[in-house]
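Order of the sequence lines fixes the chain letters, A, B, ..., with proteins taken first and strands second; residue numbering starts at 1 for each chain.
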Amino acid sequence: MKNAVIVEGINFFNIKQILESGQIFRFQKINDTTYIIVAKDKVIKVGHQPNSTSILICNSTVGDLEQIWKPYFDLETNYEEIIDTLNNKDEHMQTAIRFGEGIRILRQDPWEMLISFIISQNNSIPQIKNCIENITRKFGEKLENIDSEIEFYSFPSPEDLVKVSEEELRECKVGFRAPYIMDACKKIIEEEINLNEIFTMKTELARDTLMKIKGVGPKIADCILLFSYGKMEVFPTDVWIKRVIEGLYFEGKEQKLRDIQQFAKEYYGELAGYAQQYLFYYAREHELFKK
DNA sequence: TCGCAGGGACTCG
DNA sequence: CGAGTCCCTGCG
């Protein structure tokens with residue numbers, strides 16, 4: 001494989017856990033230790049053996065590694081410290097962390113996350129992936145291939161998507177979310193919302209700003225804040241994590257969304273986002289607290 | 001085979 | 001607030 005780089009000395013990194021913890025939709029599994037990822041208008045292949053401290057990244061230069069992939073994979077963050085702190089909370093958290101201690105929270109593109117999580121509402125993961133792939137194939141541009149078998153496309157920009165009709169969007173099978181996507185495009189193009197400014201906003205204002213877009217409620221806003229803006233104190237609360245928290249900390253009694261958020265804020269503090277990822281991955285893989 | 005629910009949010013009453 | 005509704009399709 002041409003242009004492969006190796007990163008050494010990385011602990012708490014497991015490519016399968018990172019990609020299958022629900023934060024990313026554009027990846028393809030080759031086998032348990034090899035995945036293709038499409039991000040930043042690039043296609044890379046990542047190879048990593050569990051318990052190894054080195055990561056192989058194909059189709060990357062050393063420059064890309066430093067500028068793009070180290071931040072993208074959150075390799076600069078000290079996960080040992082995060083894990084130590086969360087492990088002190090209780091045995092549930094310890095169990096969840098032991099199961100998914102190689103999870104890292106990716107820093108993905110805000111625009112792509114905005115559209116992707118709008119699509120995610122009341123939808124299943126295979127279906128979400130399909131919609132996004134349809135959109136990239138229809139409105140994106142073909143990316144340089146790393147091995148001629150599969151073709152990948154860039155995620156279309158707001159400028160690309162704003163020209164698209166509702167009917168064309170519906171052809172991508174996004175259904176009732178098509179007007180939401182159009183509203184997102186419109187608000188970005190007309191500069192009612194500037195996605196870059198959200199980086200510098202405090203979390204509350206950032207969330208309120210995102211929620212001005214139709215189809216973006218608290219859960220989707222929090223996903224965007226966590227998975228692309230590095231706002232680690234948010235706690236995206238979907239039906240799964242809600243049942244997990246109710247099951248572990250409220251004797252299985254149903255709570256209001258507000259109560260779950262309040263609990264997470266008090267109990268996990270600025271590490272709430274990480275806690276959410278560990279709990280979510282653990283519960284889903286084991287189908288705990290399934291309805 | 002077929003009906004149902006799925007990582008929510010909107011819109012009413 | 002609470003309940004009903006929303007495209008679409010993978011999965012039971």
A/E168 and A/S165: CA distance, side-chain angles, deciding distance, side chain to side chain donor-acceptor pair (under 3.5 Å) verdict: CA-CA 5 Å; A/E168 286 176 295; A/S165 69; 3.3 Å; yes

Looking at [X], I want to see if its [atom1] is surrounded by more than 12 non-hydrogen atoms of other residues, nucleotides or ligands under 6.0 Å.
{"X": "A/N51", "atom1": "CG", "result": "no"}
{"X": "A/E80", "atom1": "CD", "result": "no"}
{"X": "A/E166", "atom1": "CD", "result": "yes"}

Strand DNA chain C in bracket notation, Watson-Crick/G-U under 3.5 Å with | for pairs to another chain: ||||||.|||||

Sugar-phosphate only, base, or nothing, as touched by A/P236 at under 4.0 Å among non-hydrogen atoms: nothing

Sugar-phosphate only, base, or nothing, as touched by A/G22 at under 4.0 Å among non-hydrogen atoms: base

Under 4.0 Å between a side-chain nitrogen and a carboxylate oxygen: does that hold for [X] and [Y]?
{"X": "A/E254", "Y": "A/K242", "value": "yes"}
{"X": "A/K212", "Y": "A/D208", "value": "no"}
{"X": "A/E133", "Y": "A/R137", "value": "yes"}
{"X": "A/E204", "Y": "A/R207", "value": "yes"}

So which of [range] are in contact with DNA chain C, with a heavy-atom cut-off of under 4.0 Å?
{"range": "residues 261-286 of chain A", "value": "none"}
{"range": "residues 222-235 of chain A", "value": "none"}
{"range": "residues 116-128 of chain A", "value": "A/N122, A/Q127"}

Linked, directly or transitively: [X] and [Y] (ILVMFWY side chains, under 4.5 Å):
{"X": "A/L143", "Y": "A/I115", "value": "no"}
{"X": "A/V43", "Y": "A/I18", "value": "no"}
{"X": "A/L161", "Y": "A/Y180", "value": "yes"}
{"X": "A/I119", "Y": "A/W240", "value": "yes"}

Heavy atoms within less than 4.0 Å of DNA chain B: which residues of [range] have one? Give them sorted by number.
{"range": "residues 92-110 of chain A", "answer": "none"}
{"range": "residues 168-189 of chain A", "answer": "A/F176, A/Y180"}
{"range": "residues 238-251 of chain A", "answer": "A/D238, A/V239, A/W240"}

With A/K253 via salt bridge (charged side-chain N to carboxylate O under 4.0 Å, His left out) - residues at least two apart: A/E251

Contact interval (first through last nucleotide) of DNA chain B with protein chain A, 4.0 Å heavy-atom: B/dG6 to B/dC10

Aromatic plane relationship, A/Y267 with A/F263 - under 30° parallel, 30 to 60° tilted, over 60° perpendicular: parallel

A/Y282 and A/H286 aromatic ring geometry - parallel, tilted or perpendicular at 30°/60° bounds: tilted

Expected output: side-chain A/S54 to main-chain A/S52 donor-acceptor under 3.5 Å: no

What protein N or O atoms touch nucleotides 1-4 of chain C N or O atoms at under 3.5 angstrom, if any, and at what distances?
from  : atom 1 : to     : atom 2 : distance (Å)
C/dG2 : OP1    : A/K256 : NZ     : 3.3
C/dG2 : OP2    : A/K256 : NZ     : 3.1

For A/I6, the rest of its hydrophobic cluster, which grows through side-chain links under 4.5 angstrom: A/L56

A/Y153 six-ring face occupied by A/K138 cation (under 6.0 Å, within 45°): no

Pairing residues for A/Y249 by the side-chain hydrogen bond (donor to acceptor under 3.5 Å, both in side chains) criterion, not counting sequence neighbours: A/D90, A/Y268

Distance-only donor-acceptor check, side chains A/D160 and A/S157, under 3.5 Å: yes

